Amino acid sequence: MKLKEEVNTLIKKAFAKAGIEAEPITVTDATKPEFGDFQFNGAMALAKQLKQNPRQIAQTILDSLETGGMLQKAEIAGPGFINLWLNPEWIAASCQKAEQDERLGIGKKENPIKAVVDYSGPNMAKQMHVGHLRSTIIGDTLANLLEFLGDEVIRQNHIGDWGTQFGMLIAYLEEMGEEGNGSLKDLEQFYKDAKGRFDADETFANKAREYVVKIQSGDAHCLTLWKKFIDISLGHCEEVYEKLDVNLSREDVRAESFYNETLVKVVEDLDKAGMLKESDGAQCVFLEGDEVPVIVRKSDGGYLYATTDLAALYYRANVLGAKRISYVVDARQSGHFKQVFRVAKEAGFVPEDVKLEHVAFGTMMDKSGKPFKTRDGGTVKLIDLLDEAVVRAKAAITSKENYSEAELEKIARIVGIGAVKYADLAINRESNYIFDWDKMLSFEGNTSLYMQYAYARIQSIFRKYGKEIEGEIVIGDELEHKLAVMLLRFEDVLNKAAEDAAPNQITTYLYELVTLFMRFYERNPILKEGVDERTRLSRLMLADLTAKSIKQGLAILGIQVVDRL
RNA sequence: GCACUCUUAGCUUAGCUGGAUAGAGCAUCGGUUUGCGGUACCGAAGGUCACAGGUUCGAAUCCUGUAGAGUGUACCA
């Protein structure tokens, strides 16, 4: 339910009825419990415009306000705040509906759009490392979220499969023969070995250079080697995606090489648009106000990533028909994207109404605030990190339940991977992220385990109850009121999170929701003796809607839940 | 040099379409239970929202400047 919008509609109607002409000012969540559920602060802003005192304006609005069964009361406070209380019966009925609905009462967009989300983008010449983690899970969350809200999401994994290093790599692959398959398991090592050969052996180096040219000119033998290399390397990535529980498949891969043939046209079109200028032998676009140009063709005739990105933008906007194109890439590339987006718009590669956004995120740091590295200063392989998460999760869930080794492994996997994802998604993506095992595997605070624990605890109530939950929700006290309103806010939160591409808004919401539930549950017993059946069922249903909301929220974050832990 | 980003409690942070006393968690101190999963809940203490101006009835939030940190800065991606 779009709760805020519904409340807003009431205010808008009141404006119309009172004959106030002003741009709509929206209600906000009440800042304090004693101020009700929502507050409208617009009267103060209107005071100057209407040349009236704000309390009087508030009174006028109030006089015209029709509650529509939704509001219980509205009061003026302070200099002209209007505090709004939702009607408990209306809340109860709305929650009832949500509880019985598969989508928890959350609607699908009326005007869905095609949205491209570009994320993960590993380099085929290297192993996936922690640097790819944030892009992969933030991007996946955004894609899940938009999809859930009804947009047609096109996931794009823009893998790096082109460049001079591949000449060296396939030359080495060829030299290794059948053995190559095995050694490709450790790409990092493979790369090092190939580089070693390249530096030590002139003949090999020449062959490597020759192979670069041959791939580019479409030599069959070299292309076969190259394809084999990409295939194996991509397989490693898929192993990571599988472990990470991320929705990226081979169909989502649209590699750099995919745009090769269109690069010439990009440059031609820029030339036609009169945007091209030669500088030191390179073809450049000089944007007004920018010191450094966007180079689209090197002096040696080669193309750059800006060219590929322009080709990709063209493809996504015109062939795929996307109206929103989101790049989930490290914040350090913000300058690059700002330029490329500008060029694409000015050259008409992308229509004006297409939203281009760089969903930037900060660097992953270790506990001491330095960039995340292994003890000897190397990059941490993502697959190792994920395996460690599962091992650590196992140690954290010393459960009273008697699990078989297989069950424990399964739960540890969900919990461990979930913890890694949640901790990352829970902070504002633009700030640097401090990676801390102890914090992420703690049961306290805004953590994945606190959510998992709450969910499992609710499931335990249901197991104990053992019957169908069919009753009527009745709002019994202040806490139930707060919990129910929080449950109804879910759609608002998801929409805002989608608009801002901000997963942490979802985690913040879930945390508030669970905290409220815990307080509610602490004070309002469900299965204890002395609770009448009617109240019991109402509370069970609130618990059920809470659990479903947790599950749905986590699902959007790409995290599964477990019934016991 | 120039550009962009950041600076909120000891630590990690939320809040940024301007609103009423800036929210949390960790750590610290104290409390709750014959406990529906206590890996929970309640409370205390802890803040010149980097600093200085400005706009406004009202600023953590918008603007300008200063300081500190980070990042980017012509043929890598």
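First the proteins, then the strands, lettered A, B, ... as listed; each starts at 1. From a predicted model like this one, the values you see are computed outputs, not experimental measurements. Below, all heavy atoms of this structure are taken into account, side chains as well, without hydrogens, waters or symmetry copies.
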Is there aromatic stacking of A:Phe81 on B:rG19 here, judged by a ring-centre distance under 5.5 Å and a plane angle under 30°? no
Nearest 0.5 angstrom please: A:Arg316 CZ to A:Leu313 CG, how far? 7.0 Å
Look up atom OH in A:Tyr453 and atom CD1 in A:Ile458, then write down how far apart they are to the nearest 0.5 Å. 11.0 Å
Using a heavy-atom cut-off of under 4.0 Å over every strand shown, decide if [X] touches base, sugar-phosphate, or nothing.
X        : value
A:Asp366 : nothing
A:Asn83  : base
A:Ala77  : base

Residue pair A:Ala426/A:Glu430 against RNA chain B: nearer the 5' end by closest nucleotide is A:Glu430
Atom-to-atom span, [atom1] of [X] to [atom2] of [N] - whole angstrom:
X        : N      : atom1 : atom2 : answer
A:Lys528 : B:rG37 : NZ    : C1'   : 13 Å
A:Leu565 : B:rA40 : CG    : P     : 12 Å
A:Ile427 : B:rG23 : CD1   : P     : 23 Å
A:Arg429 : B:rU13 : CZ    : C1'   : 17 Å
A:Lys338 : B:rA3  : NZ    : P     : 12 Å
A:Arg523 : B:rU32 : CZ    : P     : 18 Å
A:Glu512 : B:rG15 : CD    : C1'   : 10 Å
A:Glu5   : B:rU17 : CD    : C1'   : 15 Å

Answer with yes or no whether the side chains of A:Tyr303 and A:Asn260 bring together a donor and an acceptor at under 3.5 Å. no
Identify the pairs formed between an N or O of the protein and an N or O of nucleotides 54-64 of chain B at a distance under 3.5 Å, and give each distance.
residue : atom : partner : partner atom : Å
B:rC57  : OP1  : A:Lys48 : NZ           : 3.2

Sequence neighbours excluded, the answer for side-chain contact (heavy atoms from CB on, under 4.5 Å) partners of A:Gln560 is A:Asp245, A:Arg413, A:Ile414
Non-neighbouring partners of A:Leu408 that pass side-chain contact (heavy atoms from CB on, under 4.5 Å), sequence neighbours left out: A:Lys394, A:Ile397, A:Tyr403, A:Glu405
With sequence neighbours excluded, residues passing side-chain hydrogen bond (donor to acceptor under 3.5 Å, both in side chains) with A:Arg523: none
Give me the residues of residues 513-522 of chain A where at least one heavy atom lies under 4.0 Å from an atom of RNA chain B, by number, or none. A:Met518, A:Arg519, A:Tyr521, A:Glu522
Got a sec? Which of residues 451-460 of chain A come in under 4.0 Å of RNA chain B, heavy atoms? A:Tyr453, A:Ala456, A:Arg457, A:Ser460
Say we look at B:rA22 and B:rG46: how far apart would their P atoms be, to the nearest angstrom? 13 Å
B:rU61 versus B:rC6 - spacing of their C1' atoms, nearest Å: 15 Å
Residues two or more places apart in sequence or in another chain: which of them pass ring pair (Phe, Tyr, Trp, His ring centres under 6.0 Å) with A:Tyr511? A:Tyr450
Applying ring pair (Phe, Tyr, Trp, His ring centres under 6.0 Å) to A:Tyr259 and not counting sequence neighbours gives A:His158, A:Tyr315
Counting Watson-Crick and G-U wobble pairs with both distances under 3.5 Å, what is the dot-bracket string for RNA chain B, 5' to 3', using [ ] for crossing pairs and | for pairs to another strand? (((((((..((((.....[...)))).(((((.......))))).....(((((..]....))))))))))))....
Each nucleotide of nucleotides 70-77 of chain B classed B (base within 4.0 Å of a protein heavy atom), S (only sugar-phosphate) or -, in 5' to 3' order, makes -SSSBBSB
Generate the contact string for nucleotides 25-31 of chain B. Rules: B means base contact, S means sugar-phosphate contact only, - means no protein heavy atom under 4.0 Å. SS-----
Do A:Arg342 and A:Glu288 come close enough that some side-chain heavy atom pair is under 4.5 Å? yes
May I have all residue pairs that pass salt bridge (charged side-chain N to carboxylate O under 4.0 Å, His left out) and include part of residues 448-462 of chain A, sequence neighbours excluded? none
Any side-chain N or O of A:Lys464 below 4.0 angstrom from OP1/OP2 of B:rG37? yes
With the threshold set at 4.0 Å, does a side-chain nitrogen-carboxylate oxygen contact exist between A:Arg332 and A:Asp330? yes
